[in-house]
Every structure is written in C-alpha cells, then in structure tokens.
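Written below as structure tokens is the structure these notes are about.
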Amino acid sequence: MRTTAFHLVTRKETPQDAEIISHQLMIRSGMIRKLGAGLYTWAPLGLRVLQKVEQIIREEMNAAGALEMLMPAVQPKELWEETGRIDDFGGQLLAIHDRAERDYFFGPTHEEVITDFVRNEINSYKQLPINFYQIQTKFRDEIRPRFGVMRSREFIMKDAYSFHLDQQSLEVTYEAMKQAYTKIINRIGLEFRCVLADSGAIGGSGSQEFHVIADSGEDAIMYSDTGTYAANLEKCAAVSLLDNRAEATEAINKVATPTQKTIEEVAEFLKLRKNQMIKTLLVAGTEQPVALVVRGDHSLNEVKAVNLESVASPLRMLNDEEIKDLAGCEAGFIGVKDLACQIIVDRTVANMSDFTCGANENGYHLSGVNWDRDASYHAVEDLRDAEVGDPSPDGTGTLQVARGIEVGHIFQLGSKYSKAMNAVILNEQGKSQAMEMGCYGMGVTRMVAAAIEQNHDDKGIIWPANIAPFAVAILPMNYQKSERVRRAADDLYEQLLSMGIEVILDDRKVRPGFMMSDFELLGIPHQVIIGDRALDEGEVEYRDRRDMASTRVNHDTIIQFLTDRLQA
RNA sequence: CGGGGUAUAGCGCAGCCUGGUAGCGCAACUGCUUUGGGAGCAGUGGGUCGGGAGUUCGAAUCUCUCUACCCCGACCA
C-alpha cells in the first residue's frame, strides 16, 4: 500500500474526550472515529487490525472443531419472552420495532437465537456434540459507555455455543475452548490471566474470564502470590479472617454517638478500630427485607449478595422510610440486636466477639456485643470483597490484586436455555432430554483496544507482530526529488509486495520528521528508512519500533535482513 | 437513573458577563523557499454560532424549550 492511495489521517493533538491511552491513540492514528455515544466507525487502518484479530480467532476456533455461522443481529422479542431474560438484561436491551409494530431487540447476545436454531435442526444424540460460532455486531445499551471501543455500545464479539448430551461432554468442549482462548491471546501476543468468574445475566454453573493485564482495566483480578488461584474480585472467595470466636469479655453497653453515623465517624469518636465494628446493611429481599452484615473495614460484595436466594435482584438498599419501619432509626444506627428480619452475616463477622454496632435507635451504638448472648443470625455466607493480603481461598499463598480487561468469558450453561426453550433430543434410550449447553464469548473490538493498552510508549502504538496493520513501513527521505531514493524505495516495495509481505510505502510529500512521527504513532513494527545519506555508503537504515534501535544494513541484504526479522 | 458541565470551521478553543460586520491556533488548499525529527513566507477556501420559539430596530451574546455529547455518582448504616 502506498500512503497516497490509503486513508491516513493522523492527529498531533490528543482528543479532549479520550481518557485512556488506547482511545487516544486509536483516534490520533485514525483507526476509529466516533459517530455517537458508544458508536464508532472503523476506518481502513483500524479495520486491518480488527480483521487480523478476527482471523486468528477464526483459525483457532476452527482448529478446535467449532463451526462458523452467522445469525441475525435483530431478534424477535418473543424469543426473549421464552427465556424470561428481558428483566435480567433490563435497560441494556435496545428495543426496536418494524412498520407493523412488531417488537424486536438488537441482539446483545445470541443464546436464544442459537437455541431456537438448534432445537429445529438437531433431534438426535448422534448429532452431538456440536459447537457453533459467529463473529458479529452486538448492541448493549450500556449505562455509561466510555473509553472508546473498550466499553462501547455497539461492538463486535465472537460468540460460540456448544450443545451436548451430558455434562461430561460439555466439560470436554469447555476445556477445549479454554485451550483455544489461550492460544488466541498468545498468538495476538498479549499478557493475560484466566480467572474464576461470576456468570451474571448469562447464567449457568461454572465460568471463567480471560483478562488482559493492564492498569486501565475495569476489573480487579485477585490472585495468589504463590499458588495458582485467580478470580475476578466479584467472584473471589473471601475466607474468614478469624479462625474461631473468642469468648465474650465485655458487657453489652449502650453508648451515645449523637451525630456519628459512618463507620469512620463512630470509630474515631469511640476510639475503636474499624475491624472491631460491624455494619448492618438492609436490602430488599425476594419476600422480606434482609440484613447483610460485614465487618466495619470490609466492603459488601454486591455480586455475592445478589446471588443469595433471599436477596432480590438487582440489589437494592432499603430507602430511609423502609429502614425507619424495620429498624426504628435512621441509616447510620442500624444494628443486629433485636432486628426483626433475616440476618445473614459474613464469615468473618460470625467469628467476631465484643464488637460494636448500631443500637437501632438514633444517636446510639452498642459496644461489647456478642453473638448468642446479645444477638443471633440466621445464616453465615461469604458476603465481602476479598482484599489484598487475605489468605488465598485455595490455602496456598496470599492474595494480590491486578487490573484486568475482560476480553473473553466462557460458561457452562447447563440446561438453562434448552429447558426454557424446549431444545430436546432423543438419547440412546430413545428418551427425550434437554441438551447441555456451553457458551464462549470473546470481545473482538475490545481486544484491539486491550492490545494497545499493553503495547504503547510515549510516541504511539507498538503493534504486536501478528496484528499489526502493516508489517513493514518504507520511509523514503526526499522521495519526490531524489531519483535514486525513489528507485530504492520503489524496488524494495515491489519486492516485499511480491513476497506477500504487508508493506506500506510513504510516498507523501511530507518532511522527514513528520513522516517518522506518523509511523511511530501508527506503530508499524519494522521500518526501513531510505535516504541519500545512507545510500552513499550503499546502506539503508532499519528501525525496530519496539526498542527504537537503528541498524545500518547493506542495501543488497535488506530483504534477507527483513525476512529474518519477520520470522523472529 | 441522580448530580454537574459543554455545544462557535475537520480538531482544540476565544468571543457571551455589558446585544451592533464571527475570530485565534492546528489541519486543509495554492505558490515560492526548505528537505534525516511534526519547516518558513505569502495567499486561499471553509461556520444555518446544536435545533426550535421568544424579547429587540438588531441575538453567537438575553429568556424559554428541546436535543446531543462529556464528567462524577449509584456499598452512610
């Protein structure tokens, strides 16, 4: 490709509304342009990268035995009524209708469509297992789209769905997908971790996420410093920090805390450490309100809370009036003694003694409170966020934290959708049974942004070799005027082209500094600078984008030099 | 959804308070010079001032309204 025949529009200035580096560099390099909130056009430059990522995904999915297909982006509402997921997805669903006022959603995911396809196509266990996938545009009306294509509303996703006779077969494919994902991200060239995850609105039993490690990641990844345990903070098990409950040593005592409502304020006022206190959170339940209790210095884990049977989904804290009705006080003075609702305590809280909590009376807290003697709970659950320094749940090592960008998520769905939609087959015994399902998502557009987050410097993008829009850039100095520079550049260009190497020749009439800065921004891995100065000595200059190291190479051997580099 | 903010040329912004010929930088285009690190000089093109309504002799500027976009928040107990 010659730059004069390409669409190359770079910007020197950082766009005002781009916060993270990948977004800034994608705009500056001209890969993407914004159309509206969470909507982006992929310019030819960006599309080249996107298609490389797609191709790697395609090859590895095919190699793992999955079959590519393409489903409609627009889905009839009736399908979603069959599985009852409209409420689960809520406002994220983009509802549309046609001229006859029929209702549709622009698909945020395709479990319903594939299950409908399969229930009509597959009738026998002999056709199983089977794994279908597509690479397709989805739309999720995110509460707050941000960070460019990292969290956009319209995005491209590879989604695969597998169907099985039994759980054992599902596990085989799940493991194969896990291996395929590992190969894909390795080929793209990114550092990542596979972690335990919550399955959220998709549902099912087991699931794992693939996270590209980057400081700008929106998820917190907890991992053992010496073991193999790794989990999303949402999912990471939090162990009890107290092995057993100490004997009560204090008498219960009502203390005045006239204006102190927060844990912070009460601890300061009563000269207590926050870990000697508990906080009682009142949330809406599936039937009655529920009290969730965590230690004063801990945070409630909303995902864990919402996964409790008695807690309503989505999680909703009671409002002031409901709190008054239930506890008889304002938020800030709620405690566990004589609280008339179901009380679920965190594992650590269950082993606390001589603690302080609200008195269920405005202006007062209770100190020296002890379980059994003064108050009781109905259940012990894991309710809190795990924290750095906690013992790892698998018993090996201590938890550490890293930020991650979720680029893949694999699920063992079981029969949630097949049962809801009556996707059944006849088994070997001739009996009808619901199929077991797995589903495997990968964010294609997000992967591109994640690659930049992990591969850039102050000059611009540094593409990993396998997804670079071009492998080699030829940068001629004074191409317009110097006949021999032009000839050397054109010759090299033609030769590389004929060898099937993706090469871009900058034949624009621009100054050298401008040209070099542009290609540093674009991040083309291998750059050949051709100028009269080096040609005088029969040489050209090679520059590696990653380390910016320059090498003078004999003009006659540059092809060999480049092919060696490209294979390295 | 709650709160805050912004909207003027492709991009970044000034002008608005105090109404009176729409500006600056970058980018683009032309010419000359320059040619190994985002050049210089001269010139050129480009704006229904987000939309609508109102006040006024006159509105980018004042009033009302709508829309779009951005940021923060959605675990006080």
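Letters A, B, ... are given to chains in the order of the sequence lines, protein chains preceding strands, and every chain is numbered from 1.
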_Classify A:I323 by what it touches in the nucleic acid, base, sugar-phosphate, or nothing, heavy-atom distance under 4.0 Å._
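Base contact.
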Partner nucleotide of [N] by Watson-Crick or wobble geometry (both distances under 3.5 Å):
N: B:C17; answer: none
N: B:C64; answer: B:G52
N: B:G31; answer: B:C41

What residues form a side-chain contact (heavy atoms from CB on, under 4.5 Å) with [X], not counting sequence neighbours?
X: A:A267; value: A:K274, A:M277
X: A:L94; value: A:I96, A:F106, A:F139
X: A:N360; value: A:A327, A:C329, A:I334, A:L339
X: A:D354; value: A:A248, A:T249, A:E250, A:N370

*So, for A:F470 and A:F6, is the gap between ring centers shorter than 6.0 Å?*
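Ring-ring flag for A:F470/A:F6: true, centres closer than 6.0 Å.
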_Protein proximity profile, nucleotides 27-40 of chain B - base contact B, sugar-phosphate-only contact S, no contact -, cut-off 4.0 Å on heavy atoms_ = -------BBBBBB-
*In residues 278-294 of chain A, which ones come under 4.0 Å of RNA chain B, going by heavy atoms?*
A:I278, A:K279, A:T280, A:L281
*Name the closest nucleotide to the A:Q16 side chain, picking from B:C76, B:G12, B:A77.*
B:G12
*To the side chain of A:E13, which of B:C26, B:C71, B:C75 is closest?*
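For A:E13, the side-chain atoms sit closest to B:C26.
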